[in-house]
Amino acid sequence: MATTQQVENACNALWTTHDAAVRRAADEWLTAWQRSADAWGAALQLAQMGNSPDTRLFGATTLYNKLRCGGDRQLAAHEAVGLRAELLRLASAPGCEVRLRSKLCRATATLVGATASPSDSADGGKWPAPAPEHPTVSLLRAACEQGLPAPASLELVALVAEEGSGVHPEAEAMEMQARRPPPITPSSHPLHI
C-alpha cells in the first residue's frame, strides 16, 4: 500500500525533475497507483492534507478520475454517501483554493445519485417510505448543510448536468489537441526555399 508521502514524492519527481528516465518512472508508478484500490484512501488524504496546493489538487483529480471512469460502482452506498459528504466538507472549508474547490465539486457531481440505502434510514427502511427527493435536490441540500458558498453551489448544479450528460470538456479538449495538426514551421512550409 502506497503512503501519501510516496505519492507526493512521485509527484515531485514528475513535476520537478529534468531527467527523462526519472520522470517516466514516476509517471508509470503514479498511473499504476491511480488504478489501484489503495488510491481511494490516499487520494482523499492528499485532497485533505497534501503538502502543497498542487498535491491537494492531484488528490482531488485522482478521485474525480476514478469516479468518472465508473469507480463509484466499486463503492458501497454508505461509502459513496460518506465520500460525497467529505468532498463537500473540503469544498466548503474556509480558504479552499478555487481550483481545488472546482475539482472537488466536479467529483461530487459524479456522486449525485449516491444516497443511503433504505436500511440505513432512521426507521430501518420500513414500508411505506416517504417519496425520495430528486438526487440533485439531495446533493444541493447536503452542499447547503456543509456551507458550500453560493458560487460553488451554482457550479455544482452545472457540473451535475454536465457529468450526467456524459460530456467532459477536459477530455474533449485533450482529444482536440491530440487531433490538431502540427504547427507549421518555416522549414516545413511548402513554399520555404
Side-chain angles (χ1 to χ4, degrees), residues 1-17 22-117 120 135 138-149 151-153 155-156 159-160 162-163 168 170-171 174:
M1 182 167 124
T3 66
T4 55
Q5 187 60 52
Q6 289 171 312
V7 176
E8 287 189 289
N9 290 344
C11 286
N12 287 332
L14 181 65
W15 298 334
T16 62
T17 303
V22 171
R23 290 174 57 101
R24 187 173 33 261
D27 182 53
E28 289 171 1
W29 187 87
L30 285 167
T31 300
W33 170 77
Q34 287 176 314
R35 291 183 181 139
S36 74
D38 293 341
W40 287 106
L44 183 58
Q45 286 180 341
L46 283 172
Q48 293 166 328
M49 305 176 290
N51 287 332
S52 72
D54 287 334
T55 55
R56 288 189 294 276
L57 182 61
F58 180 76
T61 301
T62 297
L63 289 170
Y64 167 66
N65 288 337
K66 287 181 84 61
L67 291 165
R68 183 178 58 118
C69 295
D72 57 329
R73 291 187 296 271
Q74 299 171 1
L75 301 174
H78 71 278
E79 291 172 324
V81 169
L83 178 58
R84 183 178 83 175
E86 182 59 15
L87 293 172
L88 285 171
R89 187 192 69 74
L90 291 172
S92 303
C96 183
E97 184 184 65
V98 172
R99 293 180 315 149
L100 178 59
R101 177 177 287 130
S102 180
K103 192 58 74 174
L104 292 167
C105 285
R106 191 169 284 283
T108 302
T110 64
L111 291 167
V112 68
T115 57
S117 66
D120 294 339
S138 174
L139 178 61
L140 287 175
R141 181 181 318 284
C144 289
E145 289 169 357
Q146 289 289 337
L148 191 66
S153 295
E155 179 181 6
L156 184 59
L159 291 170
V160 165
E162 185 179 296
E163 292 298 327
H168 300 285
E170 294 169 348
M174 289 174 55

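Numbering starts at 1 and runs along the sequence shown.
- The structure places CG of L83 at 8.0 Å from OG1 of T110, a figure rounded to the nearest 0.5 Å.
- Within the 4.5 Å cutoff, side-chain heavy atoms of Q48 are placed close to those of E86.
- In this structure, R84 contributes its side chain and T108 its backbone to no donor-acceptor pair below 3.5 Å.
- Aromatic ring pairs are classed by plane angle as parallel below 30°, tilted from 30° to 60° and perpendicular above 60°; the pair F58 and W33 is parallel.
- The line from CZ of R23 to OG1 of T16 is 8.5 Å long, rounded to the nearest 0.5 Å.
- In this structure, the side chain of S102 does not engage the main chain of V98 through any donor-acceptor pair within 3.5 Å.
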*Verify side chain to side chain contact (heavy atoms under 4.5 Å, CB included) between L30 and T62, making sure each step is shown before the conclusion.*
CA-CA 10 Å; L30 285 167; T62 297; over 6 Å; no
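- L88 contributes atom CG, which lies 11.5 Å from atom CZ of R101 (distance to the nearest 0.5 angstrom).
- Summarising the geometry, atom OG1 belonging to T17 is positioned 8.5 Å from atom CG belonging to N12; distances are rounded to the nearest 0.5 Å.
- Partners of L100 according to the side chain to side chain contact (heavy atoms under 4.5 Å, CB included) rule, which considers only residues two or more places apart in sequence or in another chain, are R56, A60, C96, E97, L104.
- Legend: salt bridge (charged side-chain N to carboxylate O under 4.0 Å, His left out) pairs involving residues 36-53, not counting sequence neighbours: none detected.
- A distance of 4.5 Å separates CH2 in W40 from CG in L75, rounded to the nearest 0.5 Å.
- Residues V22 and A13 share a closest heavy-atom pair of CG1-CB, 4.2 Å.
- Taking CD of Q34 as the reference point, atom OG of S36 lies at 9.0 Å (rounded to 0.5 Å).
- Counting only heavy atoms from C-beta outward, the side chains of Q5 and N9 approach each other to under 4.5 Å.
- Of all heavy-atom pairs between L67 and A107, the closest is CD1-O, 3.6 Å.
- No side-chain heavy atom of L46 sits under 4.5 Å from any side-chain heavy atom of C11.
- Scored by the side-chain hydrogen bond (donor to acceptor under 3.5 Å, both in side chains) test, E8 finds N51, T55 as partners (sequence neighbours excluded).
- For the pair T4 and Q45, the tightest heavy-atom approach, listed with the atom from each and the gap, is CG2-OE1, 3.1 Å.
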